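Structure record follows, encoded as structure tokens.
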Amino acid sequence: MNREDFPILAQTIYGKYPLVYLDNGATTQKPRCVVEAMSNEYYNVNANVHRGVHFLSQAATALHEESRETVRRFIGAGKTSEIIFTRGTTESINLVASCFTQAFMHKGDEVIISQMEHHSNIVSWQLVQARTGIRLRVIPMTDDGCLCMEEYEKLFNERTRLVSVTHVSNVLGTINPAREIISIAHRHDVPVLVDGAQSAPHFAVDVQELDCDFFAFSGHKTYGPTGIGVLYGKEDWLDRMPPYMGGGDMIKTVSFEKTTFNTLPYKFEAGTPDYVASTGLAAALDYLTAIGMERIEQHERDLTRYAISRMQELEGMHIFGPLGEHIGEHDAVISFEAKPLGASESTPYIHHLDMGTLLDRLGIAVRTGHHCAEPLMRRLGVEGTCRASFGLYNTREDIDRLVDGIRRIQGMF
Ligand code: PMP
């Protein structure tokens, strides 16, 4: 779909193989319109935002604030004051970990996370934990790679203050039942942060319909530029949280005795924002909207099912995450390991690094390693996996190349 919009995909790797890019979970490629929107701003508009009375500054400010409106529309938020620009999902989660804890948590209070979190939704809390003595509770996972919802309910008690979970696992592709997770938490009067790094690029998200209290995603995984991301937060929570960083733009008045803070969202946006990246992000989101998130979802679901069924034809193949009756919960991320051809039960799997390196030699880009989810790796009993993750421009031919590549590598060992 729309491959011609992505010039990088047209290249040949090692002078021999047309690129098959299957590392979209790490970052997506950028359509021409994103790069052009950014270069246009640098060439024709560039000036610092929110500060100048002059023409260019006003134009750059208008673009930046229009981008905020585009983000609001894309995730279905009610107000632009609830859209905070950050550097990415990681910074968005760190912001909540730091500011929410400061406003609403005391020693011994608890945050619920899950077994399948990315390090950014584990370590951010551990840093706060070391300062404040809060506690982390972890939702366990079934062998199918789904969250144990019964166990989740049991984790709530009078000390639970926040639930922070990923919408889609960046390792297993599991689409977690976000709405159910949120409604259970709300029944206990506990707000929920949804890590949308792996959901926002793949299917339509409506934060008001989900009723999540916070939602985080990254620009670079949604076909936009690096260095920008979003934190959505319900106004009521954001209003009661202290600022994250101090500096320009986030203040109303400053004296050596007392400083007052700006209104939302600026209270959380200290310093010069990456206003060119916000333009690029808006161009990316407009691009996705023009294609249609439903079409993208359908295309990627089709690819995922095709990939799983083709990969299952291979002998000695082990695919992680929801399969069989749960395949509908499997998003466009496939972690796998494979044994050499003719292997017995006791033959070890080909090391993920060898598999990834050899696939690369065939022009196929996949991810290897722990995928910033070491606790999940421990739960799966592996040190790492090989991960193929799809984007809107991937095709069945890409999957065929992957499957042929794996088969060829299996034959080398
Ligand atoms: N959460 C999830 C589920 C992710 O997949 C990632 C990126 N791999 C992150 C958080 C962190 O995103 P970023 O590095 O863009 O801040």
Side-chain angles (χ1 to χ4, degrees), residues 21-30 71 75 84-98 111 113-127 138-139 141 145-147 163-176 178 181 192-203 205 212 214-232 244 274 277-278 280-281 284-285 300 320-322 329-335 365-377 379-380 384-391:
Y21 185 76
L22 299 176
D23 195 16
N24 296 283
T27 200
T28 49
Q29 301 303 344
K30 319 305 170 199
V71 172
I75 59 170
I84 297 160
F85 284 122
T86 63
R87 285 191 303 124
T89 307
T90 301
E91 188 174 85
S92 299
I93 297 173
N94 273 273
L95 189 160
V96 177
S98 178
V111 174
I113 60 172
S114 87
Q115 180 80 61
M116 61 174 82
E117 297 309 316
H118 185 277
H119 291 164
S120 59
N121 199 23
I122 302 172
V123 185
S124 313
W125 299 105
Q126 288 173 333
L127 292 178
V138 180
I139 313 168
M141 201 183 79
C146 300
L147 294 181
V163 174
S164 187
V165 288
T166 193
H167 204 171
V168 173
S169 162
N170 65 313
V171 175
L172 304 167
T174 314
I175 304 169
N176 287 321
I181 289 171
V192 179
L193 184 160
V194 174
D195 172 351
Q198 300 291 345
S199 62
H202 298 296
F203 52 85
V205 169
C212 56
F214 301 98
F215 185 86
F217 72 98
S218 295
H220 71 99
K221 294 183 200 283
T222 45
Y223 307 89
T226 48
I228 190 149
V230 171
L231 173 67
Y232 157 81
Y244 184 44
D274 196 339
S278 64
L281 175 60
L285 301 183
E300 292 179 352
F320 297 87
E329 292 150 55
H330 204 132
D331 208 36
V333 176
I334 302 178
S335 269
V366 296
R367 192 74 163 182
T368 64
H370 55 58
H371 316 293
C372 298
E374 285 191 27
L376 174 55
M377 293 297 121
R379 168 67 177 83
L380 297 172
T385 74
C386 214
R387 180 187 76 181
S389 50
F390 312 130

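Positions are given from 1 along the sequence. Just follow the structure's listing: the first ligand is 1, and inside any ligand the first atom is 1. Since we're looking at a predicted model, the values are computed, not measured. Heavy-atom basis, side chains included; hydrogens, waters and symmetry copies ignored.
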Ile93 vs Trp125, side chain to side chain contact (heavy atoms under 4.5 Å, CB included): CA-CA, chis, key distance, verdict: CA-CA 9 Å; Ile93 297 173; Trp125 299 105; 4.2 Å; yes
query: Phe203 vs His167 aromatic rings, parallel, tilted or perpendicular, using cut-offs 30° and 60°?
result: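 Rings of Phe203 and His167: perpendicular, over 60°.
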Counting N and O atoms only, with roles assigned by atom type, does the side chain of [X] sit under 3.5 Å from a partner on the main chain of [Y], one being a donor and the other an acceptor?
{"X": "Lys221", "Y": "Gly219", "answer": "no"}
{"X": "Gln115", "Y": "Pro375", "answer": "yes"}
{"X": "Thr174", "Y": "Gly145", "answer": "yes"}

field: Criterion side-chain hydrogen bond (donor to acceptor under 3.5 Å, both in side chains) on Thr385 and His371, from CA distance to verdict
entry: CA-CA 8 Å; Thr385 74; His371 316 293; 2.7 Å; yes
message: With respect to Glu91, determine whether any N or O atom, backbone or side chain, lies less than 3.5 Å from an N or O atom of ligand 1.
response: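 For ligand 1, there is no N or O atom that lies under 3.5 Å from one belonging to Glu91.
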message: Can you confirm, on distance only, whether ligand 1 has an N/O atom lying under 3.5 Å from any N/O atom belonging to Thr166?
response: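 No, there is no polar N/O contact under 3.5 Å.
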- prompt: Are a donor atom and an acceptor atom from the side chains of Ser124 and Asn94 found within less than 3.5 Å of each other?
  reply: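 Note: Ser124 and Asn94 side chains meet the donor-acceptor criterion.
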For [atom], what's the nearest protein heavy atom and its distance?
{"atom": "atom 10 (C) of ligand 1", "answer": "Ser120 OG, 3.2 Å"}
{"atom": "atom 4 (C) of ligand 1", "answer": "His118 CD2, 3.4 Å"}
{"atom": "atom 5 (O) of ligand 1", "answer": "Gln198 NE2, 2.7 Å"}

- request: Measure from atom 2 (C) of ligand 1 to every heavy atom in Asp195, Asn94, Val333 and give the option owning the shortest one.
  value: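 Among Asp195, Asn94, Val333, the closest heavy atom to atom 2 (C) of ligand 1 comes from Asp195.
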- prompt: Would one find more than 12 heavy atoms of other residues, nucleotides or ligands at under 6.0 Å from atom CZ of Arg87?
  reply: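 Not buried by this count: 12 neighbours or fewer within 6.0 Å.
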Against heavy atoms of [X], which atoms of ligand 1 measure under 4.0 Å?
{"X": "Thr90", "answer": "11 (C), 12 (O), 13 (P), 14 (O), 16 (O)"}
{"X": "Asn170", "answer": "5 (O)"}
{"X": "Ser218", "answer": "12 (O), 13 (P), 15 (O), 16 (O)"}

query: Can Lys221 be said to touch ligand 1, with heavy atoms closer than 4.0 Å?
result: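 Contact present.
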- request: Give the contacting part of His371 toward ligand 1: side chain, backbone, both or neither, where contact means a heavy-atom distance below 4.0 Å.
  value: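 Under 4.0 Å from ligand 1, His371 contributes no heavy atoms.
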